[in-house]
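Data first, discussion second: the structure below is written as structure tokens.
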Amino acid sequence: MSDLNGVRYGVEDGVATITLTRPEASNSIDLATARSLRAAVDAAGADDSAGVILLAGEGPRFCAGGDVAWVMGQPEPSAALLDLASELDGALQRLDALPKPVVASVRGAAAGAGLGVVLAADVVVSAATTRYLTAYAGVGLTPDCGVSWLLPRAVGRQRALELALTGRVLSAEEAREWGLVTTVVEDDALDRATAEVTAKLAAASPFALGQTRRLIRSSYAVSRAESGADESRTVSAAARTEPARAAMARFRK
């Protein structure tokens, strides 16, 4: 287990856990935290013992997005915001490119760039009282960290526009109905439900899950023909892995 600026990283039972550790600031992200997040993502990607990545926030709120107070405390707030948004988006793009499934365990609130962190996950387990919002319009800002690209793909263009333009706040159940989160559980069951999901993923074939994630997440940027050819090559490669050989052999018995 290692503690960086604003981030804690550790690996146990095949799960690399990246936890935002600024609860006093609702886990908002300043430049140091964004750099720490990138370092943690790189560590998770390089660690062969970690087949699953878990994103979490310490304290009552998952992530309030970029740290506006930090930005406004810089000599040139506009330049500071550019640095912060670029660094954080770089970390999330690195996470998006990893061939490892990503789970988010979300409680309290996910706002602004915090929504971008949620959208970087493949499976989102949410506490029932969590609220989801873009928050940008309320402070005169525009989406960053992939929100304008990923949100419409998760919930649809019109719903994404409503969230971004009006500042509408979604309940956890609404977020599930809209396709933003996967599962909603009672607040006191969040840790247990998250552990069940990560354990199930960690026990599966790392190659199969990682490549499935890659195929689906990369499908936005390729043609149907390119995707089909990639699928064919990848399923052939998967058939050569030990987990697949063992599972397929059972069909012959």
Side-chain angles (χ1 to χ4, degrees), residues 3-10 15-30 32-34 36-38 40-41 44 52-70 84-85 88-89 91-92 95-96 101-136 138-139 143-147 150-151 154-155 163-164 167-176 178-198:
D3 287 297
L4 308 170
N5 287 322
V7 174
R8 184 168 60 250
Y9 174 78
V15 180
T17 301
I18 299 173
T19 306
L20 299 174
T21 57
R22 302 183 72 217
E24 73 287 351
S26 298
N27 290 321
S28 59
I29 299 174
D30 59 10
T33 303
S36 295
L37 180 61
R38 178 181 285 217
V41 168
V52 181
I53 300 171
L54 172 62
L55 305 175
E58 187 176 276
R61 296 179 184 85
F62 176 73
C63 180
D67 189 340
V68 176
W70 175 84
L84 174 58
L88 181 52
D89 187 51
L92 294 178
L95 180 62
D96 187 72
V102 179
V103 177
S105 182
V106 188
R107 70 171 76 246
L115 203 56
V117 178
V118 170
L119 289 163
D122 310 306
V123 178
V124 181
V125 185
S126 174
T129 61
T130 304
R131 297 294 181 261
Y132 297 85
L133 63 157
T134 59
Y136 296 104
V139 288
D144 58 357
C145 298
V147 170
L150 289 167
L151 186 60
V155 305
L163 289 175
R168 175 172 172 174
V169 178
L170 290 184
S171 68
E173 188 55 36
E174 287 174 322
R176 186 193 66 78
W178 283 27
L180 185 59
V181 307
T182 311
T183 304
V184 177
V185 298
E186 294 302 318
D187 289 27
D188 59 2
L190 179 63
D191 292 341
R192 181 173 67 253
T194 300
E196 290 172 357
V197 169
T198 55

Quick one: do F62 and N27 satisfy side-chain contact (heavy atoms from CB on, under 4.5 Å)? Show the steps, please.
-> CA-CA 6 Å; F62 176 73; N27 290 321; 5.9 Å; no
Could you report the tightest heavy-atom contact between [X] and [Y], atom names first, then the distance?
X	Y	answer
P23	T21	CD-C, 3.2 Å
A91	A34	CB-O, 4.3 Å
A172	V181	O-CG2, 3.9 Å
N5	S36	O-OG, 2.9 Å

Report the distance from atom [atom1] of [X] to atom [atom2] of [Y], rounding to the nearest 0.5 Å.
X	Y	atom1	atom2	value
L84	T33	CG	OG1	9.0 Å
S126	L190	OG	CG	7.5 Å
L95	I18	CG	CD1	6.5 Å
C145	L92	SG	CG	5.5 Å
W178	L151	CH2	CG	9.0 Å
L150	D96	CG	CG	6.5 Å

Partner residues of R168 under the salt bridge (Lys or Arg N to Asp or Glu O under 4.0 Å) criterion, sequence neighbours left out |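 By the salt bridge (Lys or Arg N to Asp or Glu O under 4.0 Å) rule, R168 matches E162, E174.
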Apply side chain to side chain donor-acceptor pair (under 3.5 Å) to E196 and list each qualifying residue two or more places apart in sequence or on a separate chain.
->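 Here no residue qualifies.
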Side chain to side chain donor-acceptor pair (under 3.5 Å) with D187: which residues, sequence neighbours excluded?
->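 Per chain and number, D187 pairs via side chain to side chain donor-acceptor pair (under 3.5 Å) with T129.
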Less than 3.5 Å apart, which donor and acceptor atoms pair up between the side chains of residues 52-60 and the rest of the protein, not counting sequence neighbours?
unit_1 : atom_1 : unit_2 : atom_2 : d
E58    : OE1    : R8     : NH1    : 2.9
E58    : OE1    : R8     : NH2    : 3.4

Qualifying residue, where the test is side-chain contact (heavy atoms from CB on, under 4.5 Å) with V124 and the options are T182, V197, T183 |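 So, applying the side-chain contact (heavy atoms from CB on, under 4.5 Å) to V124 and each of T182, V197, T183, only T182 qualifies.
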Result of checking T19, I29, V41, L20 against V7 for side-chain contact (heavy atoms from CB on, under 4.5 Å) |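 Output: one option passes, namely L20.
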Pairs flagged by salt bridge (charged side-chain N to carboxylate O under 4.0 Å, His left out) wherever residues 118-135 is involved - sequence neighbours left out =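 Salt bridge (charged side-chain N to carboxylate O under 4.0 Å, His left out) check on residues 118-135 returns D122-R213, D122-R217.
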Using only atom types and a distance under 3.5 Å, with no angle test, would you say the side chain of [X] pairs donor to acceptor with the backbone of [Y]?
X	Y	result
S28	D67	no
T134	L163	yes
D144	A85	no

Assess whether side-chain contact (heavy atoms from CB on, under 4.5 Å) is satisfied between Y132 and V169, documenting all intermediate values.
-> CA-CA 6 Å; Y132 297 85; V169 178; over 6 Å; no
Kindly check if the number of other-residue, nucleotide or ligand heavy atoms within 6.0 Å of CD (E186) is above 12?
->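 No, not enclosed.
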Would you be so kind as to tabulate the donor-acceptor pairs closer than 3.5 Å made by side chains of residues 102-113, with sequence neighbours excluded?
unit_1 : atom_1 : unit_2 : atom_2 : d
S105   : OG     : T194   : OG1    : 3.0
R107   : NH2    : D191   : OD1    : 3.2

